[in-house]
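All values below come from the heavy atoms of this structure, side chains included, with hydrogens, waters and symmetry mates left out. Atoms within each ligand, like the ligands themselves, are counted from 1 in listed order.
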Amino acid sequence: MSDDWDLKICCMGAGYVGGPTMAVIAKQCPKIRVCVVDLSQKQIDAWNTDELPIYEPGLLEVVQVCRGKNLFFSTDIDAEIQKADVVFISVNTPTKTQGIGAGRAANIKNCELCARKIVEVSTTNKIVVEKSTVPVRTAQAITRVLKSNEKGLEFPVLSNPEFLAEGTAMADLMNPDRVLIGGQQNEAGLKAAQTLVSVYANWVPREQILTTNLWSSELSKLVANAFLAQRVSSINSISALCEATGADVLEISRAVGMDARIGNRFLQPSVGFGGSCFQKDILNLVYLCETYGLDECATYWNQVILMNDYQKKRFSEKIVAKMFNTVTGKKIALMGYAFKKDTGDVRETPSMFVLRDLIQEQAKIFVYDPQVSREDMWSEMDYTCGVNHQNTPGLDDAVVTATDPYQACDGAHAMAILTEWDEFKTLDFDRIYKSMAKPAFLFDGRNLLDHEKLRDMGFEVHAIGKPDPTAFTDL
Ligand SMILES: NC(=O)c1ccc[n+]([C@@H]2O[C@H](COP(=O)([O-])OP(=O)(O)OC[C@H]3O[C@@H](n4cnc5c(N)ncnc54)[C@H](O)[C@@H]3O)[C@@H](O)[C@H]2O)c1
Ligand SMILES: O=c1ccn([C@@H]2O[C@H](COP(=O)(O)OP(=O)(O)O[C@H]3O[C@H](CO)[C@@H](O)[C@H](O)[C@H]3O)[C@@H](O)[C@H]2O)c(=O)[nH]1
């Protein structure tokens, strides 16, 4: 029966990338059998229900169409690798937390373990595809591990980094700006690259599928994220200058972005960028530069992160400063905990840093997010900030996870918009204003709301990079 398939793919890692990417390949290529495997039984069990382990608009519908037909989720890693013609490695590559390069270098331990597993269990040749984001030249390490097999098997290695953004993953995968495939520039490498090109060519126009050498492909992924994050840090640095001078950062984004050479995307000022990728990948780039003795390049890119840290800190400091330099004992509603809208992902979310700062000021915090669980909120706080709610007396009581936005704001001295969820735009702000302590402060970390209207209702509004009418008499 299996011989009926044009190709068999196994993807190691059923996370934010492995799951959606493979679901789309399965959907677009009915003659390809796709199986996503993971070490985590809990993760795989969830993929086999309609309560998927990640929230991504449109994902469930695609999984429902393909699951059990040509899309499978399994923990039987050995058997699935054995069956496959192509094995994707789509495992997490987090920043190292200890040892050499701690806090900067990406840990490729999981990728190496996948390569070792492939060598151990394979009985036929396979193309191995790096889907994870890795330091440039990782394919060399993977190739050496794969070559160590004594069975005479061939495992050409390709780099095929993923550019999807969370919240829009399905659209990004269906209509990617480009697909990048790096391979060794020899006969086996070029042939392997052509096999992968033919998979994507089922739905991606051929001219948008780029083939390069391995190292360009690996490095392009880090560079793309560094450039994107750099734009966010650049506009955030200007937001501080706007607040000091009365200029309006949104007017500036518009004026600058209309220059076709600059472009208008990724110029949205915010409380800082978050997510599992930007910081990790820039730190990875910084570490690579340092490793090759390029200290000036390392310093240049590190500044993108320092500016982001400054922006997050600036936001919490502004809350305290505007509320008469004290929030001790005051109730503050934090609206949104995910690092952006339309995801439940909280990795490196700026909300966490604001929460941490306000806890230190002894505020009473109510957090509302439509997709984030209390468990996820605390586990990311523990992992990234080293703040453990079980070991810190009083912390669990100081932070309430609200079940709805009105409960979060009821009796609050301030509300702060931290994630740009659409539902926040249509809240009944009249009702919220009436229920809040006065003066009712509103800090908009995303420039999401209609500030003029809110000021008319009575709110005292402070927003990123927007002029404060009480500070400038000439506005
Ligand atoms: N999240 C994104 O939006 C995104 C986008 C593009 C690229 N990336 C990159 O893709 C990679 C994966 O990211 P993610 O967000 O999907 O991570 P994730 O943590 O959501 O998922 C990784 C999965 O790999 C599994 N895993 C780890 N080691 C394994 C092994 N040896 N065998 C089988 N399974 C194993 C884990 O259990 C986990 O479920 C990272 O390198 C990341 O930088 C992420
Ligand atoms: O103008 C902007 C755009 C984004 N952000 C913030 O930047 C962060 C990252 O946003 P986004 O890039 O949309 O989401 P990610 O899912 O982190 O996607 C990035 O990281 C992925 C993982 O590597 C890449 O695949 C994607 O191409 C890249 O956009 C979020 O906190 C956003 O709120 C802003 O503050 N202003």
- [ ] Measure centre to centre between the rings of Phe72 and Trp47, then say whether the value is under 6.0 Å.
- [x] no

Exercise: do [X] and [Y] side chains pair donor with acceptor under 3.5 Å:
X      : Y      : answer
Asn107 : Lys96  : no
Tyr16  : Glu162 : no
Thr143 : Gln184 : no
Glu218 : Ser159 : no

Task: Side chain proximity check, Pro20 to Ile54, heavy atoms < 4.5 angstrom - done: yes

Charged N to carboxylate O under 4.0 angstrom, [X] versus [Y]?
X      : Y      : result
Arg67  : Asp50  : yes
Glu130 : Lys221 : no
Asp450 : Lys425 : no
Arg314 : Glu317 : no
Lys466 : Asp444 : no

Does ligand 2 have an atom under 4.0 Å from some heavy atom of [X]?
X      : answer
Gly275 : no
Leu267 : yes
Arg265 : no

Report the member of [options] with the shortest heavy-atom distance to [atom].
atom                    : options                        : result
atom 26 (N) of ligand 1 : Val91, Asp345, Leu164, Ile81   : Val91
atom 34 (C) of ligand 2 : Gln268, Glu162, Glu166, Lys221 : Gln268
atom 35 (O) of ligand 2 : Ser270, Ala229, Ser233         : Ser270
atom 4 (C) of ligand 2  : Phe266, Phe163, Tyr16          : Phe266
atom 32 (N) of ligand 1 : Leu39, Thr93, Asn284           : Leu39
atom 42 (C) of ligand 1 : Glu162, Lys280, Arg347, Glu56  : Lys280

Provide, to 0.1 Å, the distance between [atom] and the closest protein heavy atom, together with that atom's residue and name.
atom                    : result
atom 19 (C) of ligand 2 : Phe278 CE1, 3.4 Å
atom 11 (P) of ligand 2 : Lys340 NZ, 3.6 Å
atom 3 (O) of ligand 1  : Glu166 OE2, 3.2 Å
atom 20 (O) of ligand 2 : Cys277 CB, 3.5 Å
atom 5 (N) of ligand 2  : Val232 CG2, 4.0 Å
atom 9 (C) of ligand 1  : Thr133 OG1, 3.4 Å
atom 7 (O) of ligand 2  : Phe273 CB, 3.3 Å
atom 21 (C) of ligand 2 : Leu164 O, 3.5 Å
atom 32 (C) of ligand 2 : Arg446 NH1, 4.0 Å
atom 21 (O) of ligand 1 : Gly15 CA, 3.2 Å
atom 37 (O) of ligand 1 : Asp38 OD1, 2.7 Å
atom 24 (O) of ligand 1 : Gly13 CA, 3.4 Å
atom 27 (C) of ligand 1 : Asn92 OD1, 3.3 Å
atom 17 (O) of ligand 2 : Phe339 CE1, 3.5 Å

Check for a donor-acceptor pair, side chain of [X] on one end and backbone N or O of [Y] on the other, with a separation under 3.5 Å.
X      : Y      : result
Thr75  : Gln41  : no
Asn48  : Asp45  : no
Ser233 : Gln230 : no
Asn160 : Val129 : no

Part of [X] with heavy atoms under 4.0 Å of ligand 1, whether side chain, backbone, both or neither:
X      : value
Cys277 : side chain
Pro161 : neither
Lys109 : neither

Does [X] reach ligand 1 with a nitrogen or oxygen that is under 3.5 Å from one of the ligand's nitrogen or oxygen atoms?
X      : result
Lys221 : no
Val17  : yes
Tyr16  : yes

Open item on the list: I'd like to check which ligand 1 atoms, numbered from 1 as shown, lie under 4.0 Å from a non-hydrogen atom of Cys114.
Closed with: 30 (C), 31 (N)

Task: Enumerated ligand 1 atoms positioned under 4.0 Å from heavy atoms of Ser276 - done: 1 (N)

Open item on the list: Polar contacts were defined as any N/O atom of the residue lying under 3.5 Å from an N/O atom of the ligand; does this apply to Gly272 and ligand 2?
Closed with: no

Task: Phe366: ring pair (Phe, Tyr, Trp, His ring centres under 6.0 Å) partners, not counting sequence neighbours - done: none

Open item on the list: Can you tell me which residue among Lys8, Lys126, Arg33 is in a salt bridge (Lys or Arg N to Asp or Glu O under 4.0 Å) with Glu80?
Closed with: Arg33

- [ ] May I ask you to decide if the ring planes of Phe278 and Phe273 are parallel, tilted or perpendicular, using 30° and 60° as cut-offs?
- [x] perpendicular

